[in-house]
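Every number for a ligand or one of its atoms is a count from 1 in the order of the listing. Scope of the values below: all heavy atoms of this structure, side chains included, with no hydrogens, waters or symmetry mates.
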Amino acid sequence: MDHLFSVSRPRRTIAPGAVHIPGWLSTNRQRELVEQCREWARPPAPMRRTALPGGGRMSVSTVCLGWHWSPYRYTRTAVDVDDAPVPPVSPTLVDLGRRAVTDAYDDPAAGRAYEPDTALINFYDPAARMGMHRDKDERVNAPIVSISLGDACLFRFGNTESRGRPYTDVRLESGDLFVFGGPSRFAFHGVPLIHPGTGNAECGLTGGRLNITLRTTGLT
Ligand code: SIN
Ligand code: MN
């Protein structure tokens with residue numbers, strides 16, 4: 001009778017080039033990544049709520065590897081934090097990104113060719129949100145790889161034209177993979193809602209959500 005209670009979450013293409021693979025990472029791998037995120041969040045160039053040009057701050061806290069993103073450019077040092085050099089993207093993360101692209105597109109050659117040079121690690125407390133935006137400060141259209149850890153969220157994946165409809169709402173849970181590239185690379189997306197208390201207790205995060213996003217800037 002177990003099947004009556006199990007909710008199946010199939011792999012799904014949300015839009016052309018945008019693929020959601022639920023349960024992509026094992027609990028062990030999730031736990032390792034959560035531990036690494038804790039290390040990456042420490043100074044120098046620590047995690048912070050990014051200051052916005054209008055004077056406010058993002059509700060999400062972010063730390064960068066490879067290139068440092070601040071509105072709306074990339075630098076080699078954390079110019080809006082302590083100006084410390086940003087550590088490189090770890091080979092483990094690059095490898096994870098290659099496997100993500102391989103699996104999302106069922107295309108090992110695309111995976112081998114993937115060379116992310118930036119990782120953004122975002123932490124959402126239960127009240128944090130991310131408005132609809134495009135990842136548009138990169139000069140190349142290599143796919144974006146996004147990994148979710150901890151509390152589930154509502155991820156809104158839209159279109160390339162506007163912040164509004166049509167969009168698709170997807171629940172991203174701990175261990176899920178979302179890749180968007182090709183025709184969806186510059187689509188608007190955002191996180192309107194975190195679902196507190198829904199995380200995988202064994203992944204080492206007692207509350208909140210972590211998101212690891214891999215990007216290729218095309219900068220040298
Ligand atoms: C982002 O778009 O930078 C983050 C998306 C997410 O947290 O899932
Ligand atoms: Mn984004």
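Nearest to the Mn ion (ligand 2), among the N, O or S atoms that His189 has, is NE2. The N, O or S atom of Asp135 with the smallest distance to the Mn ion (ligand 2) is OD1. Sorting the N, O or S atoms of His133 by how far they are from the Mn ion (ligand 2) puts NE2 first.
By the criterion of a heavy-atom distance under 4.0 Å, the side chain of Tyr124, and not its backbone, is placed next to ligand 1.
Atoms of ligand 1 lying under 4.0 Å from any heavy atom of His189, numbered from 1 in the order shown and given with element: 2 (O). In summary, the atoms of ligand 1 found under 4.0 Å from a heavy atom of Val191, numbered by their order in the structure, are 6 (C), 7 (O), 8 (O).
Side-chain N or O atoms of Asn159 include one that pairs as donor or acceptor with a backbone N or O of Ser162 at under 3.5 Å.
In terms of protein heavy-atom proximity, atom 1 (C) of ligand 1 is closest to Met130 SD, 3.5 Å. Summary of contacts: the protein heavy atom closest to atom 8 (O) of ligand 1 is Arg209 NH2, 2.8 Å.
A cation-pi contact, defined as under 6.0 Å to the ring centre and within 45° of the axis, links Arg156 to Tyr167. Arg209 forms a cation-pi arrangement with Tyr124, by the criterion of a distance under 6.0 Å to the ring centre and an angle within 45° of the ring axis.
For the pair Asp135 and ligand 1, the shortest N or O to N or O distance does not fall below 3.5 Å. At a 3.5 angstrom cut-off on N or O pairs, Ser148 does not count as close to ligand 1.
Residues Thr102 and Asp107 bring no donor and acceptor atom of their side chains to less than 3.5 Å of each other. A donor and an acceptor atom, one from each side chain of Thr217 and Glu138, are nowhere located under 3.5 Å apart. Looking at Asp176 and Ser174, their side chains never bring a donor and an acceptor atom within 3.5 Å of each other. Residues Thr50 and Arg48 bring a donor and an acceptor atom of their side chains to less than 3.5 Å of each other.
Remark: distances from the non-hydrogen atoms of Asn122 to ligand 1 include one below 4.0 Å.
Ring pair Phe155/Phe178 is perpendicular by interplanar angle, where above 60° counts as perpendicular and below 30° as parallel.
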